[in-house]
Amino acid sequence: MTERDKQRLDELELKTAYLLARQDEQDTRMNQIMARLAYVESRQYRILKELGIEPDKLDTPQTAQADAKAINLTVIPEQRLN
């Protein structure tokens, strides 16, 4: 193995170590984000329950249509005022 090969191997090892460290950093960040998301989702579920809203029904098409109608009803009076 020539000196140039050894130098190139050292460079590649450094780059590999850097990339592995970055990957560990990204994994840590992702785990933090996932923990925050789990907290927010559980908090949202508790708040919805306290408000008497069924959390399981939030993602249905009927709920989306009802929300769209409610939004349209609040937008119409504002447009009439303008």
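All values reported here derive from a predicted model rather than from experimental measurement.
- Within the model, atoms CD of Q26 and OG1 of T28 stand 9.0 Å from one another, a figure rounded to the nearest 0.5 Å.
- Rounding to the nearest 0.5 Å gives a distance of 11.5 Å between OG1 of T16 and CD of E11.
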Please set out all donor-acceptor pairs under 3.5 angstrom arising from side-chain atoms of residues 37-53, sequence neighbours excluded.
residue	atom	partner	partner atom	Å
S42	OG	A38	O	3.2
S42	OG	Y39	O	2.9
R46	NE	S42	O	3.4

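- Other residues sharing a hydrophobic cluster with M30 under the 4.5 Å side-chain heavy-atom criterion for ILVMFWY residues are M34.
- A donor-acceptor pair is defined here as one N or O able to donate and one able to accept, closer than 3.5 Å; no such pair exists between the side chain of D5 and the backbone of M1.
- Note: L19 CG to K15 NZ = 9.0 Å, rounded to the nearest 0.5 Å.
- Distance check: L9 CG to R4 CZ gives 11.5 Å after rounding to the nearest 0.5 Å.
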